[in-house]
Colleague: 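Quick one: structure below, then a few questions.
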Amino acid sequence: MKKIFRDCSISVNIQNSDFDINSEMDLIKSEKKIGGITNFIGVVRDSSKEEDQLLSLELEHYPGMTEKAIMSICIEAKKRWKPNYIRVIHRIGILRKGDNIVLVITASAHRKEAFKSAEYIMDFLKSRAPIWKKEHFKTYSKWVKSKEKDELALLSW
Amino acid sequence: MKKIFRDCSISVNIQNSDFDINSEMDLIKSEKKIGGITNFIGVVRDSSKEEDQLLSLELEHYPGMTEKAIMSICIEAKKRWKPNYIRVIHRIGILRKGDNIVLVITASAHRKEAFKSAEYIMDFLKSRAPIWKKEHFKTYSKWVKSKEKDELALLSW
Amino acid sequence: MKILYFSWLREKIGVPFEELEVTSSTVNDLIKELIKVDQKYALAFEDIKLLRVAVDQKVINDLNASIKNAKEIAFFPPMTGG
Amino acid sequence: MKILYFSWLREKIGVPFEELEVTSSTVNDLIKELIKVDQKYALAFEDIKLLRVAVDQKVINDLNASIKNAKEIAFFPPMTGG
C-alpha cells in the first residue's frame with residue numbers, strides 16, 4: 001500500500017513504528033504549488049477521570065482491509081477538494097499515553113482544501129477504518145465504545 | 001509577547017527565523033489530556049503562471065500591533081472551542097519558495113475543537129493580522145492583493 | 001470459508017479466525033448456522049445492533065447480503081479508528 | 001503624533017513613519033489635512049476603498065473616528081497575512 005509519492009499523491013501506511021512529522025513534511029514541501037499544509041495528529045489520551053490511570057492503549061486492525069478502507073476515504077477527499085497531496089499513517093499495536101496514534105497530512109495551493117480534506121479523513125477514520133482500541137487501565141481493561149457523535153459527524157459531509 | 005507555556009495556553013511569536021514543527025509538537029505532547037493536535041503550515045507558493053518565476057516573498061508587518069491582533073484572534077478561538085493549547089508563529093522578512101510562512105497549532109481532548117480553532121485562526125490571520133506580502137518575480141514585483149473570498153470567509157464564523 | 005473476528009467479538013469467539021465449511025448463502029443464514037454449532041456464537045452475536053460484517057473486506061449494510069463466492073467474512077463491533 | 005504607513009502606502013508616502021503636529025480631531029480630517037500638505041498624500045489616499053486605518057493599533061471602521069489623545073495613526077491597504 002506504500003506508494004511512491006511522485007506516482008501517486010495519496011499514500012497510506014499502517015505500522016507499529018512511530019512517524020516523524022518533520023520528515024513527512026519535508027517530502028511535501030519539495031512539491032511545487034503547495035501553499036498550505038494541514039496536519040492532524042491523534043495522540044493517546046488518558047480518558048480516566050482520575051489522573052494517570054491509563055497503562056496502555058492497544059490497537060487492533062483488519063490487515064488488508066484497513067489499508068483499502070483508508071485509501072477509499074482518501075480518494076473521496078481527493079475527489080471533493082482536489083488537494084495535491086494526502087498522507088495517512090495509522091499506528092497499531094501497544095501505545096502509551098502521549099504516543100502518536102495517527103497522522104493525516106493534506107496539502108494544497110490554498111488552505112481551505114487542505115483543512116477540509118484533513119477533517120473529512122479524520123471523521124471517516126473514526127468509524128470507517130477497521131481499527132479497534134482497547135484501553136488498559138491500572139485496575140481493568142475495556143474496549144473503546146464507538147460514539148454516536150462520530151457517526152453523526154459523517155452525515156455533515 | 002512570548003509567553004511561557006505553563007502560564008498561558010496561548011503563545012504567539014512574530015519572527016524572522018524559521019520554526020521547527022517537531023519541537024513545537026513536543027512541547028504540546030507533554031501536556032495532559034491532549035487527544036488531538038491540528039496544525040497548519042503556510043508555505044511560500046509561486047503564484048506565477050509559468051514555473052520558477054518567484055524569487056522571493058517579502059513580508060512586512062506592524063510591530064506591536066501584529067502580536068496584539070493575533071493574540072485577540074487566538075483568545076476568540078479559545079473562547080469558542082476551548083482548546084487546551086494554541087501556538088502561532090508568523091514569520092516576516094524575506095522568504096523563498098517553499099519556506100515556511102506561518103504555523104498554527106491547536107490542541108484539545110477531541111479533534112473537532114482542534115480543527116475548528118486552527119481553521120478559525122487561519123481565516124482571521126489572512127485579513128485581520130497587519131501583515132502585507134510583496135512578491136518579487138524575475139521581471140517585476142507586486143504587492144499581494146487581498147482576496148474578497150478571504151473577507152467572505154470571516155462571515156461564516 | 002475464512003471467518004474472522006475482531007475486538008471483543010474475537011475475545012468471545014476465542015480465535016482471531018477460523019476456516020469453516022459453510023452451507024449458508026447469506027450473512028444472516030451464516031450467523032444462524034454458526035449459532036447452531038456452538039453457544040459461544042450465540043453470545044458473541046447476541047446484540048445484533050453492535051454487529052458489523054465485512055464480506056471480502058467490504059462492509060455490508062444488509063445482513064441479507066450474499067456470501068456466495070465470498071472468500072472471507074469478518075465479524076466485528078463498530079470501528080473506533082483515528 | 002506618530003503617523004505610520006505600510007505596504008504600498010509606505011512606498012507612495014516615501015517613509016515608514018513620520019512625527020507630525022496635527023490639528024485634526026478625526027481620521028477624516030487628518031486625511032484632508034495631510035492632502036493639503038503634499039500631493040503625495042493625495043495620491044496615496046486616492047482610492048479610499050483600499051484604505052485601512054488603525055488608531056493606537058486598533059483598526060477603526062469609521063473614518064469619523066476620533067484621534068484626540070491618540071498616540072499613533074497607521075494607514076495601510078487591506079491586510080494579507082497568513
Side-chain angles (χ1 to χ4, degrees), chain A residues 1 12 14 40-45 47 57-73 88-92 95 100-104 118-135 141-154, chain C residues 1-20 22 26-28 30-31 34 40-82:
Chain A
M1 190 53 51
V12 174
I14 308 299
F40 180 86
I41 298 103
V43 300
V44 179
R45 185 174 62 91
S47 69
L57 181 70
E58 183 186 345
L59 288 107
E60 179 177 341
H61 81 125
Y62 187 168
M65 180 172 165
T66 313
E67 293 84 343
K68 277 186 224 167
I70 296 178
M71 187 53 90
S72 300
I73 296 167
V88 177
I89 303 178
H90 206 304
R91 292 181 71 191
I92 47 152
L95 304 178
N100 294 325
I101 301 174
V102 61
L103 172 68
V104 172
E119 208 175 343
Y120 176 92
I121 291 166
M122 275 309 303
D123 271 4
F124 279 80
L125 281 183
K126 280 280 162 187
S127 40
R128 292 293 182 270
I131 296 170
W132 299 272
K133 295 190 185 114
K134 190 172 193 175
E135 294 172 315
S141 295
K142 73 173 175 65
W143 288 95
V144 173
K145 283 205 181 84
S146 66
K147 296 188 194 101
E148 203 191 359
K149 74 170 180 184
D150 284 334
E151 197 58 41
L152 291 174
L154 304 191
Chain C
M1 186 178 285
K2 187 176 184 179
I3 307 184
L4 302 96
Y5 310 98
F6 293 97
S7 182
W8 52 260
L9 266 149
R10 171 180 54 72
E11 291 175 338
K12 288 193 179 182
I13 304 295
V15 292
F17 67 91
E18 51 194 352
E19 286 284 350
L20 296 175
V22 301
T26 69
V27 172
N28 232 338
L30 175 61
I31 292 172
L34 290 168
K40 70 182 180 184
Y41 296 102
L43 287 170
F45 300 146
E46 201 172 26
D47 190 349
I48 209 86
K49 285 197 310 295
L50 293 180
L51 188 65
R52 300 292 180 274
V53 186
V55 176
D56 286 338
Q57 305 194 353
K58 277 200 179 132
V59 171
I60 53 116
N61 294 314
D62 180 358
L63 291 183
N64 290 315
S66 167
I67 56 169
K68 281 177 208 160
N69 307 318
K71 285 179 189 150
E72 60 182 61
I73 314 287
F75 292 101
F76 43 81
M79 305 165 185
T80 54

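Note that these values count all heavy atoms, side chains included, but never hydrogens, waters or copies made by symmetry. Quick note on labels: first sequence line is chain A, next is B, and so on, each numbered from 1.
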Colleague: What residue in A:Ala69, A:Gly42, A:Pro130 has the most heavy-atom pairs under 4.5 Å with chain C?
Modeller: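 Top count of heavy-atom pairs under 4.5 Å with chain C: A:Pro130.
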
Colleague: Between A:Leu125 and C:Met79, does the side-chain contact (heavy atoms from CB on, under 4.5 Å) criterion hold? Intermediate values first, please.
Modeller: CA-CA 9 Å; A:Leu125 281 183; C:Met79 305 165 185; over 6 Å; no

Colleague: Given heavy-atom pairs under 4.5 angstrom as the criterion, report whether the side chain, backbone, both or neither of C:Leu50 touches chain A.
Modeller: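 The answer is neither part of C:Leu50.
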
Colleague: Answer yes or no: does atom CZ of C:Phe17 have more than 12 heavy-atom neighbours from other residues, nucleotides or ligands under 6.0 Å?
Modeller: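 Counting other residues, nucleotides and ligands, CZ of C:Phe17 stays at 12 neighbours or fewer.
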
Colleague: Taking side chain as everything from C-beta outward and backbone as N, CA, C, O, which of these in C:Pro16 sits under 4.5 Å from a heavy atom of chain A? Side chain, backbone, both or neither.
Modeller: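 When you check distances to chain A, no heavy atom of C:Pro16 falls under 4.5 Å.
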
Colleague: Can you list the residues that meet the side-chain contact (heavy atoms from CB on, under 4.5 Å) rule with C:Asp62, with sequence neighbours excluded?
Modeller: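 C:Asn64.
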
Colleague: Determine which donor-acceptor pairs between chain C and chain A fall under 3.5 Å and list them with their distances.
Modeller:
{"unit_1": "C:Ser7", "atom_1": "N", "unit_2": "A:Glu60", "atom_2": "OE1", "d": "3.4"}
{"unit_1": "C:Ser7", "atom_1": "N", "unit_2": "A:Glu60", "atom_2": "OE2", "d": "3.1"}
{"unit_1": "C:Arg10", "atom_1": "NE", "unit_2": "A:Glu60", "atom_2": "OE1", "d": "3.3"}
{"unit_1": "C:Arg10", "atom_1": "NE", "unit_2": "A:Glu60", "atom_2": "OE2", "d": "2.9"}
{"unit_1": "C:Arg10", "atom_1": "NH2", "unit_2": "A:Glu60", "atom_2": "OE1", "d": "2.6"}
{"unit_1": "C:Glu11", "atom_1": "OE1", "unit_2": "A:Trp143", "atom_2": "NE1", "d": "2.8"}
{"unit_1": "C:Glu11", "atom_1": "OE2", "unit_2": "A:Lys134", "atom_2": "NZ", "d": "2.4"}
{"unit_1": "C:Glu11", "atom_1": "OE2", "unit_2": "A:Trp143", "atom_2": "NE1", "d": "3.3"}
{"unit_1": "C:Gln57", "atom_1": "OE1", "unit_2": "A:Met65", "atom_2": "N", "d": "3.2"}
{"unit_1": "C:Gln57", "atom_1": "OE1", "unit_2": "A:Lys68", "atom_2": "NZ", "d": "2.8"}
{"unit_1": "C:Glu72", "atom_1": "OE2", "unit_2": "A:Tyr62", "atom_2": "OH", "d": "2.4"}
{"unit_1": "C:Pro77", "atom_1": "O", "unit_2": "A:Trp132", "atom_2": "NE1", "d": "2.9"}
{"unit_1": "C:Pro78", "atom_1": "O", "unit_2": "A:Trp132", "atom_2": "NE1", "d": "3.4"}
{"unit_1": "C:Thr80", "atom_1": "N", "unit_2": "A:Ile131", "atom_2": "O", "d": "2.8"}
{"unit_1": "C:Thr80", "atom_1": "O", "unit_2": "A:Lys133", "atom_2": "NZ", "d": "3.1"}
{"unit_1": "C:Thr80", "atom_1": "OG1", "unit_2": "A:Lys133", "atom_2": "N", "d": "3.1"}
{"unit_1": "C:Gly81", "atom_1": "N", "unit_2": "A:Lys126", "atom_2": "O", "d": "3.1"}
{"unit_1": "C:Gly81", "atom_1": "O", "unit_2": "A:Lys133", "atom_2": "NZ", "d": "3.2"}
{"unit_1": "C:Gly82", "atom_1": "N", "unit_2": "A:His90", "atom_2": "NE2", "d": "3.0"}
{"unit_1": "C:Gly82", "atom_1": "O", "unit_2": "A:Lys133", "atom_2": "NZ", "d": "2.7"}

